[in-house]
Amino acid sequence: MKTLKEKISAILTSLGFFDKAKAGTLTNKEWEQVVTVYKKEYKTELSSDIANEENNRTSKQIAGIQSILNQAEVEEKKNGGSKKEEDPDKKEDPEEDPDKKPDKEDSSNSLERISAQVQNVVNENKKLKKQIDTIATQTTAPTPKEVVHFSIENMPNMTTEKSLFGIDNPIFDMSKRYNRLSANPKLLNDLNDPTEEDFSSFKSDYHKYGESLRSRYRNLQEAHQLDPKKLADGTFSLGTSAVSGDNLGNLADQYLIRRQDALIARIINLRTVNDLFPTQYGIQDRAVLMNAFFDSVSQAYQKGKVFKGGMKIEPQFGYVDDAMMKVSFGSMKEIERMYIGYLNKENSDPMKWSIIEFCLLNMYTQMQQEQNHRHIMGIYRKPEIGVPGHYLNAATGVYYTLARLVHELSLKPNDDDSLYSYDNTTMLDVVKEFVDEVLSQLDENQTLDGFFLYLNANHYTWWLKCLRKEYGKDTDFTNGPSAYSVTVPDTNLHIKWVPNLGQENLMFIQEPGNIEFLENVAGEMLNAKMKDDMEEMHSWSTWKEGCGASYVGPKFTSKDDLDKNNFQLQRIFMNLPAVKVAADSTAITADKNHRWYITGKNTKDTFLTAITSAKQGAAYIIQIGDAAFPTKIAKLESFSEITADFIPTKVGDYIMVGLNSSNKFFEFERQVNGVRAVNKLVQPNIPGVQ
C-alpha cells in the first residue's frame, strides 16, 4: 500500500509538476489540478489524508519515517555513489524538454527531502513536549504566572485566491478587502479607501467571530480543556472527528478552531489569578453558597428518645455585577494602518493574525490584564451617568470580598496591631506569628491540613531575604516541594503567592476553592460586537463578574458575639491589612501599601478633612481605633458627597469612601454605633441591600 508521500509523488510525476513542486512554484490552478486527480485516482480528498496523516502521528509511524530516511540514505549510496558532481556554474539547457519526467534518483532525493521535513516537524514537536514535561515536573513557582511559548506555524497556511489561510469560511473570504490586506499588507497603498460596504462587511464578520470565539471558549471550559499549553499545541483541535471524509469545509473548520485555540491560549496565559481561585459559572445575579454547621451528635448509649445535636444552615451570598467593554476605534482606514504598523514592528511574532484577530487579541489582552487586577483589588461602584468608570470599579474582587465578610460579622480577623503590617526585614517574623496565632485558634479537632497561606507575590524577594538572614545566606530555599520559598518554616503550611496585590500586606489562610470568582457565561467577555457610526467603528461586549466564599464561619449580629465565638467553626483566617493613623490627625496620606486605616487615640475632638494621594478605583476604609475622641468627618469640601456627617461612637465603626470624577469622596458604606449601612446608590447588588 502506497504511503501518502508516494501517492503525492506519483500524482506530481504523472502531471509533470514534480520539479515545480520541488521548487515551490506550483500555481493555485495547478494545485487544484493535483487535488482533482488525487481524488479521482484514490477516491478520497487530499486534504483529508493530510489531516489524518498529521493526527495519526504515533511513535510507530515516527519509527517508520526514520526507517524511510535510513532506506533512502542506503539507496542514495547504492545508486548515486558514482554519480559525477555537476558543475555548479552549468546552466540548464533552455531547449530541454519541459515534459521530461524526473528520473528515479530525483524521486528518491525528493522523497528523502520530504521525509526529512516531516522528521524535522516531528522532532520539533517532541522537543516542545519535552520542554513542557520538564516545566510540569519542576517545583511550584513562587508566582502562579506561567509563560507559554507557542506557534501555529506548523498548521498549513495555504492562502488561496478564495480563502485567507486556506480556511473555507465567510470570515476569511479573500473577496473582502481586510482579508486581502492580511494576505499582503503591501496592498494598502494600492487599494482605494474603504467603502461603506467594506465597513459593513468588517462589522458583521467581527461580530460573528466574537460569537464564535465565545462559543469555542465555553465548549473548552465545559470540557475542562482551558489549558494554554495544550491549546497552543493543538491537542484539543486536532482530532479525526473534525474531518469527515471528503468534506473540505470541515477541514477548514478544524483550521479555524486551531487559530481560535491559539488566540484563547494567548489570552488565558495572562490569567494568573484563576489558578489560585476557581471560577463558578451560571450566576446571573446572586448565588447562595451553602454553609452548614453541625452541632455535636455523639453521646453515651441509653435507651429512649434522648436526642442530641442538629444542623444549622447559614448560607453565604456571592453576587455578580455587570461589567462592559466599549471601545471607539477610528475609521476602517486607521484600523488598517494600525494593523500594518503592527506587522512592521512585530514581524517576529509567531502568531500571524488577520485584521479581525489582531483587533480582538489586543483588546482581549488589555481586558484580561485589567480583569486580573480587578479579580484581586476591584470593588464595584455604580457608574456616574455618562462618565467612563475605572476598570477596578467594574466588579468586586478578593480583597474587598474579605473586607465585606469582616463587616458582615462572618469573619473575625486576627486584628492584633503587630500583624497589621511588615516590611522587607520583618516579614518572616510577622508571617510566622500570624500562623502561630491561627494554629492556637483552631478548634480542638481541627488542623490546617489542606489549607494554604496566601501572601503578596510582590513581597517574595522580601521573604527570601528574611529566610537568608534567619537560616543562612548561602542556602537555596527554592528547590523541592517543602522548600521554605513555598512553605512556612517548621510547618506543613504551603504558600500561594498572589499577584496584583500592589504592596498590600494582606495575609490569609483558606482551603483552595473556598474563595472563588463568579461569572454567568464562560467566555461572555469575548463576545465582542461592532457597529459603525459615520467614519467611526465602535466595539463592545458585556458580561457579569463577581467574587464569593462558600465556607467562612457562623454569622453574628454584633461584634461582641463574633468576638465571644473566638474563631469557632471559622474556615478563613486573615490579618487586618491596616495601618495606624497618628493621634489627632486631620489628614491621612494614602500610601501604596494600605487601603485600610485605623485612627489613633485622639486627645481632643478631631475631624478628618482630607485623604491625600488617593487613587481613582480604590476604596479607603477609615476605622475607629479609640472611642474617647473618635475621628469624625463633616459633609464638607472634599467629603461633600458622602451621605451625611460621619459621627462614630464605638471602636470598630468605620466609613468606606472612594474618589469620583470630580475628585470628591463618595461613600460606599459606613458603620455607626455598631450598625452597618450600605449606600444603595453606589452598591445596589451587595448582600444586605436587596
Side-chain angles (χ1 to χ4, degrees), residues 289 291-295 312-318 398-422 430-448 450-455 493 504-511 514-515 547-580 594-599 621-627 648 650-654 656 669-676 678 686-688:
L289 307 176
N291 201 350
F293 301 96
F294 292 85
D295 297 327
K312 184 179 182 182
I313 297 178
E314 291 192 353
Q316 285 290 336
F317 287 99
V398 172
Y399 183 93
Y400 290 105
T401 294
L402 290 171
R404 172 174 66 84
L405 295 172
V406 170
H407 294 153
E408 288 179 348
L409 304 179
S410 292
L411 194 164
K412 175 177 171 58
N414 290 71
D415 54 4
D416 297 345
D417 55 10
S418 62
L419 303 179
Y420 286 174
S421 190
Y422 56 77
V430 173
V431 170
K432 290 178 67 176
E433 182 183 351
F434 170 61
V435 173
D436 288 343
E437 279 204 12
V438 172
L439 287 170
S440 69
Q441 294 156 357
L442 297 176
D443 295 338
E444 59 186 16
N445 62 342
Q446 185 181 5
T447 71
L448 288 183
F451 284 72
F452 282 77
L453 170 65
Y454 294 73
L455 298 176
L493 185 63
E504 291 287 340
N505 294 145
L506 176 66
M507 303 179 286
F508 62 97
I509 296 173
Q510 66 133 12
E511 296 159 295
N514 192 349
I515 298 174
C547 182
S550 297
Y551 302 98
V552 183
K555 186 179 293 186
F556 296 91
T557 57
S558 72
K559 179 69 162 55
D560 290 340
D561 289 339
L562 176 67
D563 291 339
K564 289 176 184 177
N565 182 64
N566 196 29
F567 301 96
Q568 187 176 358
L569 298 178
Q570 191 160 306
R571 305 298 288 181
I572 298 177
F573 305 89
M574 65 174 285
N575 72 326
L576 206 59
V579 63
K580 277 198 168 183
H594 302 92
R595 299 188 183 185
W596 203 316
Y597 297 89
I598 299 179
T599 60
I621 301 171
I622 313 301
Q623 181 173 314
I624 302 305
D626 184 73
K650 288 186 174 183
V651 172
D653 284 351
Y654 68 89
M656 184 191 297
E669 59 183 78
R670 67 170 66 191
Q671 178 175 297
V672 175
N673 198 26
V675 179
R676 178 173 178 245
V678 177
I686 195 170

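Index from 1, following the sequence.
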- Message: Counting only heavy atoms not in Lys580 (residues, nucleotides, ligands), do more than 12 fall under 6.0 Å from its NZ?
- Response: no
What's the separation between atom [atom1] in [X] and atom [atom2] in [Y], rounded to the nearest 0.5 Å?
X      : Y      : atom1 : atom2 : value
Glu433 : Met507 : CD    : CE    : 8.5 Å
Glu408 : Ile686 : CD    : CD1   : 6.5 Å
Lys555 : Leu409 : NZ    : CG    : 9.0 Å
Arg676 : Met656 : CZ    : CE    : 7.5 Å
His594 : Tyr420 : NE2   : OH    : 10.5 Å
Thr447 : Leu493 : OG1   : CG    : 10.5 Å

A side-chain contact here means heavy atoms from C-beta on lying under 4.5 Å apart; do [X] and [Y] qualify?
X      : Y      : result
Val431 : Leu453 : yes
Glu437 : Phe567 : no
Leu439 : Val435 : yes
Ser550 : Arg571 : no

Can you give me the closest heavy-atom contact between [X] and [Y], atom names plus distance?
X      : Y      : value
Phe573 : Asn414 : CB-OD1, 4.4 Å
Ala403 : Ile621 : CB-CD1, 4.3 Å
Gly674 : Lys650 : N-CD, 4.2 Å
Pro648 : Val672 : CA-CG1, 4.4 Å
Leu402 : Met574 : CB-SD, 3.9 Å
Ser421 : Val430 : O-CG2, 3.9 Å

- Item | Donor-acceptor contact present, side-chain Asn575 to main-chain Leu419, <3.5 Å | yes
- Task: Ignoring hydrogens and angles, tell me if any N or O in the side chain of Thr401 forms a donor-acceptor pair with the backbone of Gly548 under 3.5 Å.
- Result: no
- Query: Going by the angle between their ring planes, with limits at 30° and 60°, are His407 and Trp596 parallel, tilted or perpendicular?
  - Reply: tilted
- Query: Can you list the steps and then say if Arg595 with Tyr400 is a side-chain contact (heavy atoms from CB on, under 4.5 Å)?
  - Reply: CA-CA 10 Å; Arg595 299 188 183 185; Tyr400 290 105; 3.1 Å; yes
- Distance-only side-chain donor-acceptor flag, Gln510 / Tyr551, under 3.5 Å: no
- Message: Does this structure show an ion pair linking Lys564 with Asp560, if we count only N-O contacts that are shorter than 4.0 Å?
- Response: no
- Message: Phe508: which residues meet the ring-ring contact (aromatic ring centres under 6.0 Å, His included) condition with it, sequence neighbours left out?
- Response: Tyr454
